[in-house]
Amino acid sequence: MKTVLVTGGAGFIGTNFVRWVLGHTDAAVVVLDKLTYAGNAHSLDDLPADRVRLVVGDICDAPLVDSLVGQADAVVHFAAESHNDNSLLDPSPFVTTNLVGTYTLLEAVRRHGTRYHHISTDEVYGDLELDDPARFTEATQYNPSSPYSSTKAGSDLLVRAWVRSFGVKATISNCSNNYGPYQHIEKFIPRQITNVLSGRRPKLYGTGANVRDWIHVDDHNAAVWTILTRGRIGETYLIGADGEKNNREVIEEILRLLGRPADAYDLVADRPGHDLRYAIDSTKLRTELGWAPQYRSFSEGLAATITWYEAHEAWWHDAKAATEAKYAQQGQ
Ligand code: NAD
Ligand code: DAU
């Protein structure tokens with residue numbers, strides 16, 4: 001695989017994926033990113049120009065997408081509107097980017113016969129009860145809750161249809177909640193870390209009982225490369241690292257690691273339609289392709305993430321006031 005086109009490579013997971021590819025393979029990367037509020041060109045600043053090229057553009061721009069896909073050996077599609085809270089305020093860019101953008105990419109890989117890997121989320125399956133021992137598998141029925149997750153579900157279905165109808169060489173992965181460096185500070189973990197670092201109190205939605213299944217972003221990206229290079233065409237693989245925690249536990253751990261009292265946070269308005277629990281059974285990926293997560297301790301991964309935000313205040317500082325002003329309007 002000589003050249004990989006990475007959409008959304010200036011966002012959280014995409015940026016980390018580009019770094020993972022540079023560190024583990026000989027491939028060159030072309031990033032296609034619109035640089036929305038969630039994209040940050042500085043996240044790619046320190047990378048070697050002879051292996052990484054950033055093209056600022058929209059995945060809905062069919063001529064641009066066609067030309068870039070035509071020059072690539074594979075496409076890994078991360079670009080998306082990714083934040084549930086935003087999708088509740090204005091679903092419009094979610095429909096355009098997540099559905100029309102994916103359609104545009106699928107038509108291009110169909111024309112060029114290019115290998116395509118589609119990045120998706122466990123949220124397409126809806127949620128589980130807190131006391132339910134069940135976890136999501138590849139056989140779980142789609143049942144998305146939010147405008148964000150419904151557009152991701154729709155994009156997955158487009159991929160499946162393009163595989164079956166047109167023979168597109170695609171795979172899909174659905175991953176649980178990622179954490180690590182370069183994550184936008186609107187998201188739960190970096191929001192709370194930067195709240196403490198900027199003298200604000202962490203904010204917990206509702207009662208904090210909701211459960212997320214955390215995975216370090218490098219473990220996610222190692223799984224993506226494994227599926228891209230060894231996955232079976234047409235297959236879906238769930239990615240998860242057995243990392244279930246409720247939100248209260250996560251906030252308390254952040255406070256502990258930052259040397260603050262365990263109760264130094266505020267309870268704020270809940271998210272409308274807030275999914276209760278996500279949990280991934282990644283047996284298929286582990287047994288069929290031999291992937292296993294490397295980060296065995298959430299606390300250690302979280303501590304390293306905190307260290308990264310402490311050392312990179314310039315990366316997040318300018319977005320902090322605006323992000324908090326937006327949440328304040330929603331009582332969050
Ligand atoms: P992010 O919001 O941090 O980054 C998204 C990137 O896509 C940004 O750089 C943005 O500028 C770019 N983008 C948005 N619209 C675009 C468009 N029309 N054209 C080109 N670029 C555009 O998102 P993330 O958290 O890195 O998520 C990446 C992917 O992984 C998404 O598809 C998301 O659904 C999926 N995912 C995320 C998680 C998670 O925990 N963050 C978990 C599972 C799956
Ligand atoms: O499960 C995968 C999904 O994980 C991805 O598809 C999404 O792109 C990604 O954003 C993430 O979605 P969540 O909605 O789970 O992530 P978020 O970081 O927004 O919230 C995590 C949990 O924390 C959720 O239960 C809501 C809660 N929360 C969030 C914020 C921002 C709080 O309690 N306080 C907060 O300030």
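Read the numbers this way: they start at 1 and go in the same order the structure lists the ligands and their atoms. Position 1 is the first residue of the sequence, and the numbers go up from there.
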Are side-chain N/O atoms of Thr207 and Arg248 paired as donor and acceptor at under 3.5 Å?
no
Do you know the tightest heavy-atom contact between Ala41 and Leu54?
CB-CD2, 4.0 Å
Classify the ring geometry of His312 against Tyr182: parallel below 30°, tilted from 30° to 60°, perpendicular beyond 60°.
tilted
Any N/O pair Asp33/ligand 1 closer than 3.5 Å
yes
Indicate yes or no: does an N/O atom of His77 lie under 3.5 Å from an N/O atom of ligand 1?
no
To the nearest 0.5 Å, tell me how far Ile215 CD1 sits from Asp122 CG.
10.0 Å
Quick one: does ligand 1 sit under 4.0 Å from the side chain of Lys152, the backbone, both or neither, non-hydrogen atoms only?
side chain
Might you confirm whether atom CD of Glu249 has over 12 heavy atoms from other residues, nucleotides or ligands at distances under 6.0 Å?
yes
Can you list the atoms of ligand 1 that are under 4.0 Å from a heavy atom of Ser120?
43 (C), 44 (C)
Linking I/L/V/M/F/W/Y whenever their side-chain heavy atoms sit closer than 4.5 Å, directly or via other members, would Leu47 and Val76 fall into one cluster?
yes
With atoms numbered from 1 as shown, which atoms in ligand 1 lie under 4.0 angstrom from a non-hydrogen atom of Thr36?
10 (C), 11 (O), 14 (C), 15 (N)
Which option, Tyr125, Phe188, Tyr327, owns the non-hydrogen atom nearest atom 20 (O) of ligand 2?
Phe188
Give yes or no for whether the N/O distance cutoff of 3.5 Å, strictly under, is met between Asn84 and ligand 2.
yes
Against ligand 2, does Glu186 come closer than 4.0 Å with any heavy atom?
yes
What atoms in ligand 1 come closer than 4.0 Å to a heavy atom of Lys34?
16 (C), 17 (C), 18 (N), 19 (N), 20 (C), 21 (N), 22 (C)
Under 4.0 Å from any heavy atom of His274, which atoms of ligand 2 are there?
24 (C), 25 (O), 26 (C)
Could you tell me the residue and atom name of the protein heavy atom closest to atom 12 (O) of ligand 2, and the distance to it rounded to 0.1 Å?
Glu123 OE2, 2.9 Å
For Arg212, the ligand 2 atoms whose distance to one of its heavy atoms is below 4.0 Å:
15 (O), 24 (C), 25 (O)
Do ligand 2 and Ser82 have nitrogen or oxygen atoms that lie under 3.5 Å from each other?
yes
Does one hydrophobic cluster hold both Tyr278 and Trp214, with members joined at side-chain heavy-atom distances below 4.5 Å?
no
Intermediate values then yes/no, side-chain hydrogen bond (donor to acceptor under 3.5 Å, both in side chains), Tyr327 and Arg191:
CA-CA 11 Å; Tyr327 276 125; Arg191 184 182 183 205; 5.1 Å; no
Close-contact set for ligand 1 against Ala79 heavy atoms, below 4.0 Å
7 (O), 21 (N), 22 (C)
Is there at least one pair of N or O atoms, one from Asp85 and one from ligand 2, spaced under 3.5 Å apart?
no
Using a distance-only test with no angle check, is there a side-chain donor-acceptor pair under 3.5 angstrom linking Lys187 and Ser82?
yes
For ligand 2, which is the ligand I care about here, please tell me if Cys175 has any N or O atom under 3.5 Å from one of the ligand's N or O atoms.
no
Numbering the atoms of ligand 1 from 1, which are under 4.0 Å from a heavy atom of Gly57?
19 (N), 20 (C)
Non-hydrogen atoms of Leu267 and Gly206 that approach each other most closely:
CD2-O, 3.5 Å
So which protein heavy atom does atom 1 (P) of ligand 1 come closest to, and at what separation?
Ser82 OG, 3.5 Å
So which bit of Trp214 gets within less than 4.0 Å of ligand 1, heavy atoms only: side chain, backbone, both or neither?
neither
For ligand 1, the portion of Leu35 having any non-hydrogen atom under 4.0 Å away:
backbone
Please state which protein non-hydrogen atom is closest to atom 1 (O) of ligand 2 and give its distance, to 0.1 Å?
Asp122 OD1, 2.5 Å
Check ligand 1 against Ile119 and write out every atom of the ligand that is under 4.0 Å from a heavy-atom position of the residue.
29 (C), 30 (O), 32 (O), 35 (C)
Ignoring hydrogens, what is the shortest heavy-atom contact between Leu64 and Gly57? Give both atom names and the distance.
CD2-CA, 3.8 Å
Close-contact set for ligand 2 against Tyr148 heavy atoms, below 4.0 Å
5 (C), 6 (O), 7 (C), 8 (O)
Any atoms of ligand 2 less than 4.0 Å from a non-hydrogen atom of Thr121? List them with their elements.
1 (O), 2 (C), 3 (C), 5 (C), 6 (O)
Closer than 4.0 Å to some heavy atom of Tyr148 - which atoms of ligand 1 meet that?
33 (C), 34 (O)
May I ask you to check if ligand 1 and Phe12 share an N or O to N or O distance below 3.5 Å?
yes
Does any donor atom in the side chain of His83 or Asp85 lie under 3.5 Å from an acceptor atom in the other side chain?
yes
If you look at every heavy atom in Trp225 and Thr229, which pair is closest and at what distance?
O-OG1, 2.7 Å
With a heavy-atom distance limit of 4.0 Å, tell me whether Gln192 approaches ligand 2 through its side chain, its backbone, both, or neither.
side chain
Taking only heavy atoms of Asn177, which atoms of ligand 1 are found under 4.0 Å from at least one of them?
40 (O)
For Asn174 and Lys152, does a side-chain donor sit closer than 3.5 Å to a side-chain acceptor?
no
For atom 22 (C) of ligand 2, which candidate among Leu276, Asn247, Ile251 provides the closest heavy atom?
Asn247
Quick one: does Asn178 get an N or O within less than 3.5 Å of an N or O on ligand 1?
yes
Does the distance from a Lys or Arg side-chain N to an Asp or Glu carboxylate O, for Arg232 and Glu288, drop under 4.0 Å?
yes
Just distances here: any N/O of Asn177 and N/O of ligand 2 closer than 3.5 Å?
yes
Check each of Ala10, Ala80, Gly8 against atom 5 (C) of ligand 1 and report the one with the nearest heavy atom.
Ala80
Would Lys152 count as a contact of ligand 2 if the rule is a heavy atom under 4.0 Å away?
no
Look at atom 38 (C) of ligand 1 and find which of Val217, Ile13, Leu105 reaches it with the closest heavy atom.
Ile13
Sub-6.0 Å ring centroid separation between Tyr179 and Phe298
yes
Can you find an N/O atom of Lys187 closer than 3.5 Å to an N/O atom of ligand 2?
no
Consider only side-chain N and O atoms of Gln192 and Tyr265, and report whether a donor and an acceptor are under 3.5 Å apart.
no
Any donor-acceptor N or O pair under 3.5 Å, side chains Asp66, His112
yes
Is it true that Glu253 and Ser299 share a donor-acceptor pair across their side chains at a distance under 3.5 Å?
yes
Quick check: Ser176 and ligand 2, any N/O pair under 3.5 Å apart?
no
Using a 4.0 Å heavy-atom cut-off, say whether Cys60 meets ligand 1 through its side chain, its backbone, both or neither.
neither
Indicate if Val56 and Val18 have the same hydrophobic cluster label, given that clusters are the connected sets of ILVMFWY residues with side-chain heavy-atom separations under 4.5 angstrom.
yes
Side chain, backbone, both or neither: which part of Arg191 comes within less than 4.0 Å of ligand 2 when only heavy atoms are counted?
side chain
Evaluating non-hydrogen atoms only, which member of Tyr265, Tyr179, Tyr205 is closest to atom 29 (C) of ligand 2?
Tyr205
